[in-house]
Every structure is written in structure tokens, then in C-alpha cells.
Amino acid sequence: MPIERTLTIIKPDAFEARHVGDIIKILEANHFRIVAARLVRLSRREAEGFYKIHRAKPFFPSLTEFMSSGPALVMVLEGENAIARLREVMGATDPAKAAPETIRKLYASGIEHNAIHGSDAPQTAACEIGYFFPEVELI
Ligand code: ATP
Ligand code: MG
């Protein structure tokens, strides 16, 4: 299995509910290594830039409002097969469909306020890591 890097965001809902520590505990238990971290409060514009692939979707305005509504913790995670594995540990976008013990099953309150983001493919991961971290900040 290749060693990969992926981008995750502990979203404002999980931050507000004080589940940051719980989520990091799950990530570390699943052998992800944190190689960069930043606490951010995204502007609306930054949230729109990050999720631009969804700009035509009906939920884009509320998604970007939510993502800019409070602090969020952005991290780069490293590990074997990290991109696909993070998506498994996160669970389905809609927590009602997420597998038991996944982060979204445990901490998401709905399809939009779903606690965590994870890159969905190698190209997306590279692009999203570059959106938040200059190369020099990656350990
Ligand atoms: P993420 O990209 O945040 O990891 P994802 O890849 O599981 O989530 P996407 O389809 O990329 O899901 O959607 C991005 C985000 O937009 C979701 O995580 C969620 O916060 C929000 N979202 C997705 N679908 C809906 C929807 N039908 N209604 C409201 N919000 C949605
Ligand atoms: Mg996505």
C-alpha cells in the first residue's frame, strides 16, 4: 500500500460541539500521522474557493455559509492508503447512511453539518493540501 497524504478539515459543527479531540483520537487510532495543522476561520470567499467543484449545487450557499461560520481545524494526514482510508473512517456524507463507529455516524448531525471533510482522490488531495499549506510547512 502506498504512503499517501490527504487533507482533512474538522468542520465548524464538530469544533463548536468540542469533538476535535474525539476525532483526532479516532484518526490516530487508525494510524494516521498529523504532518501539518492549522486552526482557521474561513472567509466566505475561502470556503467558496475550497468547495468550488460544488458551485452549481443547490446546497452551495448554505455549505459555504456553514464552513465559514466558525473555527475549523485543517490538517494534512499521512499514512498507508490514506486518501481512501480516511474516507472509510469518516463514513458516508449523510450520517444516516454512515457505517457504525465512523466519525460521521458518531458526530455528524446531518448531511451538511457532517463534522469532517476528507479529500476524495489523489489529485484532489494534492490540490487541497496546496490550498492551505505551503510546501515548507509540511513536516
Ligand atoms: P467532503 O467533501 O466535505 O469531504 P463528501 O465528499 O462526503 O464531503 P461532497 O459531495 O463532496 O461530500 O459534498 C461536500 C459537502 O457538502 C458535504 O460534506 C456536506 O457538508 C455538503 N453537502 C453534500 N451534499 C449535501 C446536500 N444534499 N445537502 C446539504 N449539504 C450537502
Ligand atoms: Mg467531497
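Both ligands and their constituent atoms are indexed starting at 1 by order of listing.
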Quiz: residues 22-30 side-chain donor-acceptor pairs under 3.5 angstrom, not counting sequence neighbours:
from  : atom 1 : to    : atom 2 : distance (Å)
Asp22 : OD2    : His19 : ND1    : 2.8
Asn30 : ND2    : Ile26 : O      : 2.8

Taking only distance into account, with no hydrogens and no angle test, what donor-acceptor pairs under 3.5 Å do side-chain atoms of residues 65-74 form with protein atoms, sequence neighbours excluded?
from  : atom 1 : to    : atom 2 : distance (Å)
Ser68 : OG     : Thr64 : O      : 2.7
Ser68 : OG     : Glu65 : O      : 3.2
Ser69 : OG     : Phe66 : O      : 2.6

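Taking the side chain to side chain donor-acceptor pair (under 3.5 Å) definition, one finds that Arg87 meets it with nothing, sequence neighbours left out.
The residues lining ligand 1, counting any heavy atom closer than 4.0 Å, are Lys11, Tyr51, His54, Phe59, Leu63, Arg87, Met90, Thr93, Arg104, Ile111, Glu112, Asn114, His117, Gly118.
With rounding to the nearest 0.5 Å, the separation of NE2 in His31 from CD in Glu80 is 9.5 Å. Between the OH atom of Tyr131 and the CG atom of Leu7 there is a distance of 11.5 Å, given to the nearest 0.5 Å.
By the 30° and 60° cut-offs, the orientation of the rings of His117 relative to Phe50 is perpendicular.
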